[in-house]
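The basis for the numbers below is simple: all heavy atoms, side chains too, and nothing from hydrogens, waters or symmetry mates.
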Amino acid sequence: MPTARQFGTPQGPAVLSEVVVHSNPNANLRIPPYSSNAPLASTHHHMGNNRGNNLLLAYKTLGVVFGGLVTSPLYVYPSMHLKSPTEDDYLGIYSIMFWTLTLIGVVKYASIALKADDQGEGGTFALYSLLCRNLNIGILPSKCMDSNSKVSHSSGHEGAKDHSRLGKFFEKSIIARRVLLFIAMLGTCMLIGDGVLTPAISVLSAMDGIRAPFPSVSKSWVEALSAAALILLFLMQKFGTSRVSFLFSPIMGAWTITTPLVGIYSIVQHYPSIFKALSPHYIFHFFWRSGKDGWLLLGGTVLCITGSEALFADLGHFSRPSIQIAFFLTIYPSLVLTYAGQTAYLIKNPSDHDDGFYKFIPTPIYWPIFIIATSAAIVASQSLISATFSIIKQSVVLDYFPRVKVVHTSPSKEGEVYSPEINYILMILCVLVILIFGDGKDIGNAFGVVVSLVMLITTILLTLVMIMIWRTPPVLVALYFFVFFVMEGVYVSAVFTKFLEGGWIPFAISLILAFIMFGWFYGRQRKIEYELTHKISLDRLEQLLSDPSVQRVPGLCFFYNKIQDGLTPVLEHYIKNMKSLHKVTIFTTLSYLLVPKVAQHERIVIDKLGLKGVYGCVIQYGFADSLNLEGDDFVSLVTNSLQAYKKDTDPEIEEILDLEEARRSGVVHIRGKARFYTGKSCSWFDRIMLAFYEVLHSNCRTALPALGVPLPQRIEVGMLYEA
């Protein structure tokens, strides 16, 4: 495969530094498969190659990854509804929290889930894309990997060439694939809901500490102060987190160190034998005595593992060893000691249960702890807000969410993004949650639903990865699934009893988001199906151009095409009505692959299609890549690569002259803007869903501004698709 030389701008190297050119007169416009021989342009694995880098990254993870998890002691006990608790009750509760942290935190996430990365990226949607890439079970045709593509499997696990029976079932069953997509969408929506609830409950619980030294301060003032702090936090998002991320880690480091020290002090002062509760028999005794009441308390204890999903979802920003080092050496011991200290204090002072986290803080260090706790709560909020931006970006580039503005706030970190629309929506929702549901227990109930459901969805997807990709022995798969599905299923059953007491909040948020995602997905699927059915072949294009009434007008045209194997039906609509086509036309496809990053020399692929002045261009991107090209840079990159390909024969020299002349005559970017026509034959479901899709499509951003195409060079060609 001949490769053009590198090109750069006067200010520095171009974002897409190389272009691959195919000379293929018999090309059928098939998008070239992503090469497995080219290394993915991912840096986070290389960053962890030595111990020094891993330790530095482990330090940085404190301010980004573990904010939600390590601040959970602020609201776990206050979220429980205890009636005259006894010593044995507290020992049972602490035993439940210890084994929850150990099994879910240590075993499931830190030891297993981190190995299920999709080329370094983690999270619910990355698990789904991993399954789609390896098994060809995606729904949207434009998002599926080419069957000839052989992208390496994640985490060093070599998938077998022959798919398992379960894998073949998913490939054959459209219903199973849609159920899998629904599960992935639900997990994604719940994580976004987490981005609303985490800032609300963290900041509200931290601010509530001001009422202890100042009893005259009402809850309304605490809610107002919390809302003001969150508004300020959201207004700062446009500056990006890179400027302050290094400052976050000392705050979280201080919190991670001070709370277990206070916990040790509390253990020594109040109940030195607290660690006898590590024996699981205290759990059985607790449920034996408490019965239904003990089961209902699980809705509060599940909050001790809050933020564990971020441990997996933020994998793309760091390395697996760095996250494991930070978790095993600091976070896990800190939480075990902090909860032990809280429990020891409450055993001796059960009447203080409803007074919150600050009650067990010694008076001499109250204010320093309050300041650290408030700062840590804000940091914890930042981690979930940033994670929400990343999730939205992944969903947008995979075409499962309407296009919104995504700004890259760091020139060196592709994963650091900011979306103005999403940011202000999150801000409004967070403030509303605080002002309407100011009671921490109601928000805690809502939070419990999010935490437990996301964990359960991750367990299901991880089980599928074990069976269909890793080929884990059935006994180990059964053991994993039984332990975690039963454990998390019990948690889910408990939190659902709080549905009317705040638990409906995440469902309302997730339902709205899921309806938006499904409506967009359904409309995109129907549009792609229509375009594949009515696509234009090269032979048909040659027939259209052979019509004497069709003229080749001067200029260079980038005609945007969304079909993998053929040309959009908008092209025929355009040629028949305009009776013209530019002398040099480059059919351009934005192809988002189910890989996090595409190597630079594979980003732009150009085909010579065999017709005079007609070329095919594919811009390949992964969901962690950036589309920060300027329009002129893109044009220069493509035209220069064509000129540099070959200059030996007369026809090729003539092509170069035509290309230069066309560019001097003017550049235009044409995209189709199709709408659905729903006739009387359409079902009521199609009428509703396609009408909703049209509303979303009319109000979302186009793909061309993402490439930096100047407004005067854009042309939209309208066409009606019959549904």
Side-chain angles (χ1 to χ4, degrees), residues 60 63-65 67-68 71 74 191-210 220-252 255 307 310 314 317 370-393 396 401-413 415-438 443 447 505 509 512-513 626 628 699-701 705:
K60 290 184 177 180
V64 178
V65 177
T71 56
L74 285 169
L191 273 177
I192 296 173
D194 199 356
V196 173
L197 295 175
T198 294
I201 193 170
S202 298
V203 177
L204 187 63
S205 300
M207 285 288 187
D208 194 58
I210 201 172
S220 299
W221 274 105
V222 172
E223 294 167 9
L225 288 173
S226 301
L230 284 178
I231 290 174
L232 181 62
L233 177 65
F234 280 105
L235 292 178
M236 293 173 60
Q237 294 301 309
K238 63 181 179 180
F239 299 108
T241 58
S242 60
R243 297 180 181 177
V244 293
S245 61
F246 200 80
L247 298 177
F248 285 173
S249 296
I251 295 172
M252 298 309 300
W255 171 264
D314 287 336
H317 298 284
F370 173 76
I371 294 172
I372 294 173
T374 306
S375 303
I378 295 174
V379 172
S381 304
Q382 176 63 55
S383 64
L384 267 298
I385 294 169
S386 299
T388 301
F389 292 155
S390 297
I391 291 168
I392 291 295
K393 182 205 171 187
V396 168
F401 197 84
R403 286 184 294 270
V404 295
K405 184 176 182 180
V406 176
V407 180
H408 289 76
T409 57
S410 171
S412 58
K413 296 179 181 179
E416 189 175 317
V417 294
Y418 160 71
S419 173
E421 295 97 333
I422 300 301
N423 181 62
Y424 293 121
I425 290 174
L426 284 178
M427 180 181 74
I428 293 171
L429 290 176
C430 282
V431 172
L432 287 177
V433 166
I434 286 178
L435 297 182
I436 298 176
F437 308 97
I443 302 178
F447 210 12
I505 300 174
I509 297 172
I512 295 171
L513 289 171
S626 169
N628 56 349
N699 290 280
C700 74
R701 297 174 181 266

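The salt bridge (Lys or Arg N to Asp or Glu O under 4.0 Å) analysis of residues 197-206, with sequence neighbours excluded, yields no pairs.
A pairwise comparison of heavy atoms in Met207 and Ala229 identifies CE-CB, 4.0 Å as the closest pair. The shortest non-hydrogen separation linking Gly193 to Ile509 is CA-CG2, 4.2 Å. Taking each heavy atom of Trp255 and Ala373 in turn, the nearest pair found is CZ3-CB, 3.3 Å. Smallest separation of non-hydrogen atoms from Ile192 and Thr388: CG2-CG2, 3.9 Å. Minimum heavy-atom separation, Cys430 to Ala200: O-CB, 4.3 Å. Pairing each heavy atom of Glu223 with each of Ile434, the nearest pair is O-CG2, 3.6 Å.
Tyr424 is not listed as a side-chain neighbour of Leu429, based on a closest heavy-atom distance of 4.5 Å or more. When side chains are defined from C-beta on, Leu230 does not count as touching Met427, because their heavy atoms never get closer than 4.5 Å. Between Val196 and Leu426 the shortest side-chain heavy-atom distance falls below 4.5 Å.
Summarising the geometry, atom CZ belonging to Phe389 is positioned 4.0 Å from atom CG belonging to Asn423; distances are rounded to the nearest 0.5 Å. The CG atom of Asn699 sits 12.0 Å away from the CZ atom of Arg403 when rounded to the nearest 0.5 Å. Here the CD1 atom belonging to Ile251 is positioned 5.0 Å from the OG atom belonging to Ser375, to the nearest 0.5 angstrom. A distance of 10.0 Å separates CD1 in Ile428 from CZ in Phe234, rounded to the nearest 0.5 Å.
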